[in-house]
Amino acid sequence: MKGRAPKPGKKAVKPEPKPRPDALVDPKTLQELIAVFQAAGVSDLEVERSGLRIRLRREGAGSASSPVEASGPASAAGQGAGQPKASAADEAAEGLVTMRSPIVGTFYRSASPYAESYVEEGAYVKKGQVLCIVEAMKLMNEIESEVDGRVVKILMENAKPVEYGEPLFLIEPGAQPEG
Amino acid sequence: MKGRAPKPGKKAVKPEPKPRPDALVDPKTLQELIAVFQAAGVSDLEVERSGLRIRLRREGAGSASSPVEASGPASAAGQGAGQPKASAADEAAEGLVTMRSPIVGTFYRSASPYAESYVEEGAYVKKGQVLCIVEAMKLMNEIESEVDGRVVKILMENAKPVEYGEPLFLIEPGAQPEG
Amino acid sequence: MFKKILIANRGEIAVRVIRACKELGVRSVAVHSEVDKDSVHVRLADEHLCIGPADPALSYRNIPNILSAAEITACDAVHPGYGFLAENAHFAEVCESIGIKFIGPTSENIATMGDKSKARDIMIKHGLPVLPGSEGEIASEQEAAAVAAKIGYPVIIKASAGGGGRGMRVVNKEDELSHAFQAARAEAAAAFGDQGVYVERYFLEPRHIEVQILADEKGRTISLGERDCSVQRRYQKLIEETPSPAVDDRLRRELSRVAVEAAQAVRYRNAGTVEFLLDKERRFYFMEMNTRIQVEHPITEEVTGIDLIKEQIKIAAGMALSWKQQDVKITGHSIECRINAECPDTFTPCPGRITKCHPPGGPGVRVDTAIEPGSEITPYYDSLIAKLIVRGHTRDEALARMRRALDECVIEGIKTTIPLLRRVLDDPDFQKGRFSTAFLERFMSAPSSS
Amino acid sequence: MFKKILIANRGEIAVRVIRACKELGVRSVAVHSEVDKDSVHVRLADEHLCIGPADPALSYRNIPNILSAAEITACDAVHPGYGFLAENAHFAEVCESIGIKFIGPTSENIATMGDKSKARDIMIKHGLPVLPGSEGEIASEQEAAAVAAKIGYPVIIKASAGGGGRGMRVVNKEDELSHAFQAARAEAAAAFGDQGVYVERYFLEPRHIEVQILADEKGRTISLGERDCSVQRRYQKLIEETPSPAVDDRLRRELSRVAVEAAQAVRYRNAGTVEFLLDKERRFYFMEMNTRIQVEHPITEEVTGIDLIKEQIKIAAGMALSWKQQDVKITGHSIECRINAECPDTFTPCPGRITKCHPPGGPGVRVDTAIEPGSEITPYYDSLIAKLIVRGHTRDEALARMRRALDECVIEGIKTTIPLLRRVLDDPDFQKGRFSTAFLERFMSAPSSS
């Protein structure tokens with residue numbers, strides 16, 4: 001699961017490209033390597049170590065386009081109980097706040113099966129307004145909006161289990177109803 | 001790469017920052033390597049040491065008569081019975097032929113302890129001329145030169161064990177005695 | 001049998017429990033903190049979900065999130081592993097109350113044995129051997145001094161709620177008593193929120209011998225023999241073995257009998273360990289009972305052929321013990337070495353990324369671990385990253401096997417205890433089985449340990 | 001004991017022998033071809049040297065280079081592993097002649113048992129059960145027809161010098177005989193340089209049962225029980241187990257007795273395996289004797305606790321057997337799965353580079369392998385890359401353990417037999433122990449094997 005800690009009231013920013021757990025090589029090392037390579041005026045550099053190989057080739061020498069070529073193991077993925085419902089692109093959407101579940105439980109859009117949903121997509125909400133309920137151990141935990149704004153997307157289906165940090169809503173902060 | 005040889009007669013200097021344990025290769029070492037490579041006037045450099053291999057190649061060298069291919073046994077963690085005595089740089093020296101042992105055995109430079117050596121460094125040899133003996137299972141196997149040329153370097157000490165493919169001689173092919 | 005078990009733990013013990021579930025055909029649910037999302041236990045479980053941030057208080061010790069996770073994944077049982085919530089009587093009680101089976105002893109067992117001074121009293125009541133010391137807790141310095149005068153110095157002051165060496169003070173002579181008493185109470189209060197302490201005779205070079213017991217829900221209780229855990233530093237075990245070089249058949253029968261009686265005295269259920277102190281005259285004394293599976297349980301599995309985690313699960317599911325006492329046979333010898341992500345000389349934790357990881361293999365070698373190449377060892381949790389367990393026909397074969405397995409084992413990217421372990425394996429006293437709980441500190445301060 | 005042993009092999013068996021050397025405190029020398037210079041066996045040995053190029057005829061089968069390597073490294077013994085020179089009587093003889101101990105049977109043992117027809121005659125002479133068939137080799141079609149008529153169809157024509165299924169032809173009725181006879185002779189001549197063939201009764205669905213024996217230099221011979229190797233395809237074993245589901249205590253005693261007598265009939269020394277065919281009426285017949293350690297030896301180690309490679313070395317060093325027959329106890333159940341670098345459906349070898357390699361671990365799991373992340377599987381050698389061995393208290397526990405171990409095992413970068421093995425483990429007939437040598441081919445051609 002992705003699940004960075006919920007950041008209440010903070011603007012969502014483009015996530016920094018964290019190195020994947022199986023990141024091929026420390027970028028700093030690679031930068032240093034390239035700097036040395038470029039300063040040196042050699043045409044070709046290949047470094048291999050414990051299964052990792054890096055080859056540098058100067059543009060103009062041989063096949064021009066890609067000066068850096070790295071090969072290594074790809075990341076594996078297990079099948080989780082809950083899959084992240086929001087794609088990285090969604091989460092990264094500029095200026096949107098992702099509301100995440102602060103607890104483990106079951107997501108409900110309304111107070112009871114017969115009640116109306118707290119919010120619909122497109123609705124304008126106030127900071128502190130209840131957006132949903134996450135039920136845990138028979139306790140109904142009201143989840144409140146961290147910001148004023150417009151609900152761009154509801155990322156969870158009603159009555160589905162949610163894990164800690166699971167994205168629930170995308171909110172455009174500061175948005176005001178017209179007129 | 002740790003453990004450069006101590007440099008006698010030098011003033012003690014501030015200890016160099018140790019390379020990070022995860023660093024692919026110490027950039028300083030690499031710089032030195034490239035300097036060595038450039039000064040050496042060779043076309044191709046490949047260094048392999050305990051799982052780390054670095055290869056440098058000069059542009060334009062291409063297929064220019066590189067009959068030497070570094071494929072000898074690399075010194076891994078364990079200590080081999082016989083260690084290659086030639087550095088990769090030596091082997092890569094331009095236009096030289098490396099004579100390797102075609103069998104496993106004991107290297108002798110002469111036919112008997114009292115006989116003269118078959119060849120000395122600097123000697124001119126003919127193709128088919130005996131360069132040394134490799135004794136295996138009490139059989140004396142005469143190793144003949146594959147080319148006409150000059151013996152640039154004898155890479156093995158007398159009476160030492162050699163493994164298959166171990167470099168024995170560096171020969172400059174085609175060299176003729178003056179006059 | 002259960003349908004699905006939630007494993008309320010991480011690391012190698014979570015992997016161990018998942019393996020048992022798979023072999024029993026029970027589905028497993030891994031829970032994990034945010035930093036553990038790429039862990040091996042998460043990959044191996046049938047399902048997994050995030051229960052909180054890195055801080056264990058907010059994830060692996062977070063009872064509401066863990067039980068809610070069990071509910072939404074429809075688990076009918078929880079295995080706590082060791083550490084975290086394993087000896088939390090409240091957690092066991094809440095599990096019981098909401099109909100999720102806690103795979104372990106009853107909450108009452110945990111509470112009783114968690115109070116060290118109370119446990120001691122029960123043993124005395126049942127005529128079992130305990131260390132000479134105070135009856136129950138001690139309220140004042142005067143009382144402590146009186147007890148110490150009676151049993152003789154040195155004595156040790158221990159926290160009733162204690163464990164892992166905290167809230168303990170050794171007192172060598174009377175004039176140290178006042179300070180030690182205050183210090184132990186203050187430490188106990190700070191660490192456990194309970195300043196209760198008691199006094200016991202202190203032995204300088206005892207052995208730490210523990211007995212594994214199993215008890216089913218009907219109260220049938222068996223012993224699976226002892227483990228010698230004397231190689232430890234500051235109450236952190238490093239090497240364990242079974243059988244103990246100091247225990248012969250007759251002593252083993254005695255230890256087993258007492259351990260079973262101790263368990264029965266509190267109507268103990270599931271797997272537990274009774275810890276004894278063995279003095280130089282081979283007299284033994286009840287110290288405490290650990291109401292959970294132990295880190296070092298595999299060595300008992302190796303010599304008995306009994307899968308303790310599967311037995312735990314089967315017992316919790318109401319099944320009768322698969323083994324009668326007379327069917328438990330100890331065959332061969334087993335040793336465990338704990339590989340910690342630590343500087344081997346200072347025991348300072350050493351987090352980092354595993355760049356290379358070649359576990360040893362071949363005959364008689366078992367590795368219980370949750371690391372693989374690329375694993376990140378974070379500073380949030382226990383530094384134990386792998387348990388290397390060997391089995392041999394004799395102790396000598398097991399020792400030789402452990403040496404070659406340690407030599408084979410490649411873990412790069414972090415510092416580990418492997419070099420220290422390897423040196424201990426070469427020590428003549430260790431090889432001859434001559435060691436006490438004082439061994440490791442002495443070994444490490446010796447000039448040879450360069 | 002030897003000072004230094006040269007291991008004339010590669011891959012997992014070289015690693016296995018090096019481990020045994022380390023546990024015995026004997027130095028080890030690995031030899032390797034040029035393409036194997038970064039192999040695990042090279043890394044683990046105390047010394048190593050290159051003996052030739054990739055082609056095994058020029059390296060691992062290169063007797064002068066191997067013996068010269070033994071001489072220059074001052075080895076006093078050679079372990080041949082299996083394959084390559086293991087059953088080369090000439091190699092064993094040269095070793096004997098130059099005073100380097102060949103760790104295995106005598107060259108005479110190898111030569112005698114290598115001639116299948118001769119071995120058969122010796123068994124007949126000693127009153128041991130062989131398959132109904134010809135006396136010695138058969139010189140003509142007429143003679144073959146006469147024998148076949150007497151013992152009844154189907155029959156099988158086998159090469160005297162044969163092995164691994166080559167030079168074999170099954171004949172179902174008389175009019176197929178002429179063609180089969182010629183074909184078998186031609187194939188035998190091409191494969192072994194010896195066109196000698198003999199005829200035996202052919203059973204359609206027999207079991208392949210083999211008995212492990214050990215004999216010391218004084219001729220004391222013991223049996224270590226049987227292995228059931230019926231799950232095979234084209235004489236390539238894929239899964240082995242012990243005890244056999246088809247063998248009870250009484251049959252085991254009979255098999256063991258006959259195996260020991262067979263070994264004694266040829267004054268056999270060191271470790272060997274007597275192969276039997278078991279028919280549906282539970283009659284058994286001597287097929288041949290393998291004069292080396294077998295790939296599948298670990299399952300016998302798991303249930304007996306006897307380290308066969310260490311025993312081989314000790315026996316070769318002149319030590320008496322460490323075990324008496326009555327001390328050999330079979331405890332529990334063990335299964336081996338062979339993980340080959342092959343396409344699991346077609347058995348085509350699949351070379352490549354191992355990008356990821358997470359071997360399974362935990363209780364009762366043993367992995368014998370020479371691969372690690374980054375290993376290159378070359379097309380020059382056997383496709384066996386790992387042996388996954390489990391041990392359980394019962395056959396059911398071993399089966400469950402093997403399933404979870406296969407599920408855990410991650411090998412990426414090449415195709416392996418793991419998916420096929422996993423499917424076999426789910427087969428109800430396999431689970432019930434109902435299989436013959438015909439099982440695997442049928443299983444693979446069944447529509448369910450999607």
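Atoms considered below: every heavy atom in the structure, side chains included; atoms not considered: hydrogens, waters and symmetry mates.
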Might you point out which heavy atoms bring D:Ser68 and B:Ala136 nearest each other, and give the distance in Å? OG-CB, 3.4 Å
Within residues 107-134 of chain B, the residues sitting under 4.5 Å from chain D by heavy atom, in sequence order, are none
Smallest separation among heavy atoms of B:Val104 and D:Leu49, with atom names: CG1-CD1, 4.0 Å
Measure the shortest side-chain to side-chain distance between B:Glu163 and D:Ile51 over non-hydrogen atoms and say whether it is less than 4.5 angstrom. no
Say you draw a straight line from CD1 of D:Ile72 to CE of B:Met137; how long is it, rounded to the nearest 0.5 Å? 12.0 Å
Pull out the residues in residues 101-111 of chain D that come under 4.5 Å of chain B, heavy atom to heavy atom, sorted by number. none
Is the number of heavy atoms from other residues, nucleotides or ligands under 6.0 Å of D:Lys415 NZ greater than 12? no
Select, from D:Ser59, D:Pro53, D:Ala70, D:Pro64, the one with the greatest count of heavy-atom pairs under 4.5 Å involving chain B. D:Pro53
Using a 4.5 angstrom heavy-atom cutoff, name the option from D:Asn65, D:Leu58, D:Ile98, D:Leu67 with the most pairs to chain B. D:Asn65
Determine whether B:Tyr164 and D:Ser33 make a side-chain contact, defined as any pair of heavy atoms from C-beta on separated by less than 4.5 Å. no
